[in-house]
Amino acid sequence: MRWCRDQSYYDNDGWRGTWQQDGGVIANQASHHVDMLSWFMGDVERVHARGITSLVNIEAEDTAVATLKIPKWRIGDSRGYLRDSPEGY
């Protein structure tokens, strides 16, 4: 899952990228894709995830990686990035 959110996106509105009003890539963008993944592949039994802020200057995380244990399929992989090239769209 990749989105293009450069620093100007966050600078445009003060609430963007804050923990209190926005959340990071997991809460704001990737949660919809994880929901879709569980809809198609079944319930998630276990999650190991890591989120960091390294691409833009915000409070919340802008990069996340998760490994999901889905009993029917054994393992799934989910990655979320907020800073990808807009040419890829």
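In this text, all values refer to a predicted model and were calculated from it rather than measured experimentally.
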Side-chain heavy atoms of L55 within contact of D62, under 4.5 Å:
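L55 vs D62: side chains touch.
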
Enumerate the residue pairs fulfilling salt bridge (charged side-chain N to carboxylate O under 4.0 Å, His left out) with a member in residues 10-31, sequence neighbours excluded, ordered by first and then second residue.
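Qualifying pairs, neighbours excluded: D13-R16.
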
Salt bridge (charged side-chain N to carboxylate O under 4.0 Å, His left out): which pairs involve residues 31-58, sequence neighbours left out?
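Qualifying pairs: E45-K69.
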
May I ask whether V65 and I52 are part of the same hydrophobic cluster, defined by side-chain heavy atoms of I, L, V, M, F, W, Y residues being less than 4.5 angstrom apart, directly or through others?
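Not linked; separate clusters.
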
Atom CH2 of residue position W39 - does it have more than 12 heavy atoms of other residues, nucleotides or ligands inside 6.0 Å?
no

Closest approach of [X] and [Y], non-hydrogen atoms and distance?
X   : Y   : value
I70 : V44 : CG1-CG2, 4.3 Å
I58 : G17 : CB-O, 3.7 Å
W19 : E61 : CH2-OE1, 2.9 Å

Test side chain to side chain donor-acceptor pair (under 3.5 Å) applied to S54 - qualifying residues, sequence neighbours left out:
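S54 satisfies side chain to side chain donor-acceptor pair (under 3.5 Å) with no other residue.
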
Matching residue for Y10 among N57, V56, T18 - test: side-chain contact (heavy atoms from CB on, under 4.5 Å):
V56

I'd like to check the side-chain contact (heavy atoms from CB on, under 4.5 Å) partners of A49; sequence neighbours left out, ordered by chain and number.
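By the side-chain contact (heavy atoms from CB on, under 4.5 Å) rule, A49 matches V47, A66.
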
